[in-house]
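Encoded as structure tokens, the structure appears first; notes follow it.
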Amino acid sequence: MADLLLGQVLSFTGNPFHAGPGAALHLTHGGVLIDQGRIVAVGDGRDLRAAHPQAVVADYGRALISAGFIDAHVHYPQTAIIASWGKRLIDWLNSYTFPEEMRFADPAYAAEIADRYLDLALAHGTTSMCSYATIHPASVDAFFAAARARGLRAWAGKTCMDRNAPDGLRDTAQSAYDNSKRLLQHWHGVDRLSYVITPRFSPTSTPEQLAALGALWGEYPDCLMQTHLSEQTDEIAWVKDLFPQSRDYLDTYEAQGLLRAGAVYGHAIHLTPREKDRLHEAGASLVHCPTSNTFIGSGLFDSTLARTLRTGLATDTGGGSSFSMLRTMAAAYEVAQLRGEALHPSQLWWLATVGSARALHAETRIGNIAPGLEADLVIVDLASTPAIDQATRRAEDIWQALFPTIMLGDDRAITAVWIGGRLHMAAATDRA
Ligand code: GUN
Ligand code: ZN
């Protein structure tokens, strides 16, 4: 049985980084018809209703129907340490992250946090995500099992580290290869799940481990590979010490077969001209993590890179300070302002949906509202608090109506999410 969702509908017909706000389609009284997990038609609500009288109608009134948000870089195991005070990257990893990730040796704890993270993500309108797990293979199993139970399109991989991490959080080049391969063979392509080859970052991998994972990627070229790149200046100096032969940070990956289309680099703030050139030539993806970059004090991402590189948006939970992609868009706006550029609401919304889908090479499946795409949708209340409501009253177009929700909105703005064509029933504890 088909479902017909009625409301304001926002979709993209092009890239607003090239074409401006005209790259979006807004229907004030729109409709989205979905059947068997996919979007079948988009158009005027009354016309769709007349043409499909059998469809079950969900009328969301003035609320906005959008593609669900896609969080292109998260660490689900860091859910419980979000908002930990006072450290910069390397100290933050050693003080908060590694002790917490150690707890994932217990599969029951991994399962508990996977459920908690996914319930929080969905309550914030995030319908897809690309996550790091921990070193423990069972932490990948826990995440994928929880994502599968919710019908999500999700990506994840075992984080690999064979140096500069505490006992209990290190593997080896060989075990990283073996366990990643086993997990990949088990999970990749199951339902809506995809395995991602995941070296944490160059400081915690020997060249041998990076090479082993590069070899694995060569065997499974349709997989993505995710890692961190040039997040903080201290980290970059450390990479220079650890890899004296390398031309720059990117070269530590490039030299081991970890640079090509399908590579997804988180942060990528302090790039050299050579690195930018090579990222373009290779067709690599970048992920902007603005709340993390301000919270950990990393720096200001150059969002003009989104004009020419596949660029997604992400919370970087728990280095990031919010589970909300609305808050993340607000931070992207603020970071760009500090660089002298005002990102348009269409660009912010595009980054959180189509941009992230493109960064993950999934734009033919998710991230937009168009016939044939998977029906992952978020329903957004554009007057979810008194402060937002009063700020939208004078809005003359959809962008003026949307921007207060981008800047002031949170999970209270999320009326509903549809996952693979089904209305998601939130766990009773979601908003506890
Ligand atoms: N670099 C290496 N690991 C991490 C991590 O867990 N979070 C962030 N923000 N940066 C990293
Ligand atoms: Zn990260």
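Whatever order the structure lists them in is the order used to number ligands and atoms, beginning at 1.
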**Q.** Mutual orientation of the aromatic rings belonging to His228 and Phe201 [parallel < 30°, tilted 30-60°, perpendicular > 60°]
**A.**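 His228 vs Phe201 ring planes: perpendicular.
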(Q) Students often mix this up, so state it plainly: with edges at 30° and 60°, are the rings of Trp349 and Phe69 parallel, tilted or perpendicular? (A)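 Trp349 vs Phe69 ring planes: perpendicular.
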Q | Protein heavy atom at shortest distance from atom 6 (O) of ligand 1 | A |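 For this ligand atom, the closest protein heavy atom is Arg200 NH2, 2.7 Å.
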Q.
To check your reading of the model: name the closest protein heavy atom to atom 10 (N) of ligand 1, its residue, and the distance in Å.
A.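 Among all protein heavy atoms, the one nearest atom 10 (N) of ligand 1 is Glu231 OE1, 2.7 Å.
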**Q.** the Zn ion (ligand 2) to nearest N/O/S of Cys289 below 2.8 Å
**A.**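 Short answer: no, not a single N, O or S atom is under the cut-off.
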Q. Is the distance from the Zn ion (ligand 2) to the nearest N/O/S atom of His75 under 2.8 Å?
A.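 It does: His75 brings an N, O or S atom closer than 2.8 Å to the Zn ion (ligand 2).
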Q | Heavy atoms of other groups near Glu281 CD, more than 12 under 6.0 Å | A |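 Yes, because the 6.0 Å sphere around CD of Glu281 holds more than 12 heavy atoms from other groups.
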With a cut-off of 4.0 Å, which atoms of ligand 1 are near a heavy atom of [X]?
| X | answer |
| --- | --- |
| His267 | 9 (N) |
| Leu89 | 8 (C), 10 (N), 11 (C) |
| Phe201 | 1 (N), 2 (C) |
| His75 | 5 (C), 6 (O), 7 (N) |

Q: Report the distance from atom CG of Leu313 to atom NE2 of His73, rounding to the nearest 0.5 Å.
A: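 Atom-to-atom, Leu313:CG and His73:NE2 are 12.0 Å apart.
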Q. Just by modelled atom types, is the Ala370 backbone N or O under 3.5 Å from a matching donor or acceptor in the Asn368 side chain?
A.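 Such a contact is absent between Asn368 side chain and Ala370 backbone.
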Tell me the contacting part of [X] for ligand 1: side chain, backbone, both, or neither, using a 4.0 Å heavy-atom threshold, strictly below.
| X | value |
| --- | --- |
| Trp92 | side chain |
| Asp316 | side chain |
| Gln78 | side chain |

Q: Show your working on salt bridge (Lys or Arg N to Asp or Glu O under 4.0 Å) between Asp141 and Arg148 and close with a plain yes or no.
A: CA-CA 10 Å; Asp141 295 330; Arg148 189 183 194 189; over 6 Å; no
Q. In this structure, which one of Trp155, Tyr76, Tyr195 forms a ring pair (Phe, Tyr, Trp, His ring centres under 6.0 Å) with Phe143?
A.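 Result for ring pair (Phe, Tyr, Trp, His ring centres under 6.0 Å) with Phe143: Tyr76.
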**Q.** Within 45° cone of Phe17 ring axis and under 6.0 Å: Arg307 NZ or CZ
**A.**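 Arg307 over Phe17 ring: no.
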Q: Rounded to the nearest 10 degrees, what's the angle OD1 of Asp316 makes with NE2 of His73 at the Zn ion (ligand 2)? Could you check?
A: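 The OD1/NE2 angle about the Zn ion (ligand 2) sits at 90°.
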Q | Any N/O pair Thr97/ligand 1 closer than 3.5 Å | A |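 Checking ligand 1 against Thr97, no N or O pair falls under 3.5 Å apart.
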Q) Side chains of Thr126 and His124: donor-acceptor distance under 3.5 Å anywhere? A)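 Short answer, no.
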